[in-house]
Number of protein chains: 2
Amino acid sequence: MRNISQFTEKLRLSGLRPTKQRISICEALFDRNDTFHFTINDLTKILKRKVNKKISIATVYNTVHAFKNKGYLKQISINSDKSYFDTNVSEHHHFFDEDMNKLIDLENEYLDKIKIKKKIPGKKIKSVEVLVKVVNNK
Amino acid sequence: MRNISQFTEKLRLSGLRPTKQRISICEALFDRNDTFHFTINDLTKILKRKVNKKISIATVYNTVHAFKNKGYLKQISINSDKSYFDTNVSEHHHFFDEDMNKLIDLENEYLDKIKIKKKIPGKKIKSVEVLVKVVNNK
DNA sequence: TTACCTGCAAAGAGTTTGCAGGTAG
DNA sequence: CTACCTGCAAACTCTTTGCAGGTAA
């Protein structure tokens, strides 16, 4: 219950109206202890389970994009037909489990700082992402 | 001309029949000095320009997937609506130019070896990919 | 009241599939 | 001759868009 007012305020502060739908999505995404990796489809299923009234897919897409633009979500690069998002917006990397189609955080502390010794003229680095693909052992 | 017979043999050796279409696609992809990054759409346009008879999209997809499975092409992880492929199948990394939507090779020599100091139980590492997103400077 | 938000359905992009006809070996 | 390959269109999946009606401030 306390969280709902937190979400309301957070939304208001970022210039997003705290509608019922957005608050439900906040609860699904941010009311947890661990970081959460998901596709739109995953999120839709969770919402279907948790919310009595159905939230339209268009609204889910709109909200996820709004949250991404506000910096509350990060989109992860994977070659997949779907987009993956992460509630952990700190600088970090990922494992991708190809058997489970699941992302796992790889915190910065588990690898040395990456130094890129090549420059592209006229370009500056925006981000460096490491994706470690893993498969079942054996 | 010499290349055509090379491609024919390469295809035959991998158990793929050297059809006209596949040889044309080989020429478009592999008859170059530098490595080549492309989407299916890029490849289709090149084929339209170079080949007198049109190659069906289904065949282009089939062939690209066959080549990928044979290890002649690599698929690159980017969060994009399209799939990107690379004729450079050696272990290396990429820049992604977000203004041009273009991939640029980042050879291994330009970064230190990446050591992952975290293990996922029951899983083994299949690949480590670094994607450096760049944008226009200024 | 007004600007913003939601939900639906339709449209759009990329990719895959089913199948009839064609071709390599 | 037979297995494999191609081309077309239809189907499918994910995502975006247009718009009428609803809601927050």
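A note on names: the letters A, B, ... follow the listed sequences, proteins ahead of strands, and every chain is numbered from 1.
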For atom [atom1] of [X] and atom [atom2] of [N], their distance in whole Å:
X	N	atom1	atom2	value
A:Asn69	D:dT16	CG	P	11 Å
B:Asn41	C:dT16	CG	P	15 Å
A:Tyr84	D:dT15	OH	P	10 Å
B:Gln75	C:dT15	CD	P	9 Å
A:Leu11	D:dA25	CG	C1'	15 Å
B:Lys54	D:dG7	NZ	C1'	8 Å

Checklist entry - Any idea which of D:dC5, C:dT15, D:dT6 is nearest the B:Gln21 side chain? => result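 Minimum distance to the B:Gln21 side chain belongs to D:dT6.
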Item to check | Distance-only polar pair, side chains of B:Lys123 and A:Asn136, donor-acceptor under 3.5 Å | outcome: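 Judged by distance alone, the side chains do pair up.
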Can you label the angle between the [X] ring and the [Y] ring as parallel, tilted or perpendicular, going by 30° and 60°?
X	Y	answer
A:His37	A:His94	perpendicular
B:Phe36	B:Phe38	parallel
B:Tyr84	B:Phe96	perpendicular

Item to check | Nearest-nucleotide 5' precedence on DNA chain C, B:Lys82 against A:Thr59 | outcome: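 Here A:Thr59 is the residue nearer the 5' end.
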I want to check one thing: is the phosphate of [N], taken as OP1 and OP2, less than 4.0 Å away from some side-chain N or O of [X]?
X	N	value
B:Thr39	C:dG14	no
A:Ser83	D:dT15	yes
B:Tyr61	C:dT16	no
B:His65	C:dT16	yes

Checklist entry - Would a line drawn from the ring center of B:Phe67 to the ring center of B:Phe85 be shorter than 6.0 Å? => result no
Next on the checklist: Base contacts versus sugar-phosphate-only contacts with protein, heavy atoms under 4.0 Å: please encode nucleotides 18-25 of chain C as B, S and - from 5' to 3'.
Outcome noted: -----BBS
